[in-house]
Peer 1: 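First the structure, which I've put down as structure tokens, then a few questions once you've had a look.
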Amino acid sequence: MASRVRYLDLLLRKSQVVRGTTTRDILSLKSQESQGRAWGKRHGYTIRRVFRENLSAYEAGVKRPDFDEAVQALLDGESDCLWVYDSSRYSRKGAGDVLRILEPA
């Protein structure tokens with residue numbers, strides 16, 4: 001019996017505002033993707049989709065359609081895992097964005 005394919009989505013984000021940030025925070029999208037693909041391979045995932053954002057997501061009102069789509073794919077079961085390089089690349093708006101995937105309505 002064949003094992004079920006486990007799908008992984010990668011959420012890559014590089015802020016357009018980089019002054020005054022650590023090197024960790026400005027890792028290129030290409031480097032983030034390489035690390036995400038390597039992590040997925042080590043853990044037996046198949047990459048389903050790569051979402052790329054090049055924006056500052058901290059300010060109120062910033063639209064993040066790729067972020068929203070990646071989270072929704074996880075909630076809908078289209079993807080088994082959502083990888084981000086660093087929690088700051090996922091969200092800097094607090095626990096609400098994390099709880100959205102841990103405790104769906």
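Residues: numbered from 1 along the sequence shown.
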Peer 1: Kindly give the heavy-atom pair with the smallest separation between R48 and S79, and that separation in Å.
Peer 2: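 Heavy-atom minimum between the residues: NE-CB, 3.9 Å.
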Peer 1: Measuring from atom OG1 of T46 to atom OH of Y7, what distance do you get when rounded to the nearest 0.5 angstrom?
Peer 2: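 Going from OG1 on T46 over to OH on Y7, the span is 6.5 Å.
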Peer 1: Show the numbers, then the answer: is there a salt bridge (Lys or Arg N to Asp or Glu O under 4.0 Å) between E78 and R49?
Peer 2: CA-CA 10 Å; E78 295 173 26; R49 182 145 177 217; over 6 Å; no
Peer 1: side-chain contact (heavy atoms from CB on, under 4.5 Å) with S31: which residues, sequence neighbours excluded?
Peer 2: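 Counting only residues at least two positions away or on another chain, S31 forms a side-chain contact (heavy atoms from CB on, under 4.5 Å) with L27, S28.
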Peer 1: With distance as the sole test, does D9 use its side chain to make a donor-acceptor pair with the main-chain N or O of L82 at under 3.5 Å?
Peer 2: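 Checked: no pair found.
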Peer 1: Go through L11 and E53 one step at a time and tell me if the side-chain contact (heavy atoms from CB on, under 4.5 Å) criterion holds.
Peer 2: CA-CA 8 Å; L11 177 61; E53 296 182 318; 4.2 Å; yes
Peer 1: List the atom of V50, the atom of E33, and the distance in Å for their closest heavy-atom pair.
Peer 2: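 So the minimum-distance heavy-atom pair works out to CG2-OE2, 4.0 Å.
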Peer 1: When rounded to the nearest 0.5 angstrom, what is the spacing between CH2 in W39 and CD1 in I47?
Peer 2: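 So the gap between those two atoms works out to 9.0 Å.
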Peer 1: First locate atom CG of N54, then atom CG of D66, and finally report the distance between them rounded to the nearest 0.5 Å.
Peer 2: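 Those atoms lie 11.0 Å apart.
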Peer 1: Got a second to check how far L12's CG is from Y85's OH, nearest 0.5 Å?
Peer 2: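 Rounded to the nearest 0.5 Å, the CG-OH separation comes to 12.0 Å.
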Peer 1: What's the spacing between R52 CZ and K14 NZ if we round to 0.5 Å?
Peer 2: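 Reported to 0.5 Å precision, the distance equals 14.0 Å.
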Peer 1: To the closest 0.5 Å, what do you measure between CH2 (W83) and CZ (R37)?
Peer 2: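 Between W83 CH2 and R37 CZ, I get 11.0 Å after rounding to 0.5 Å.
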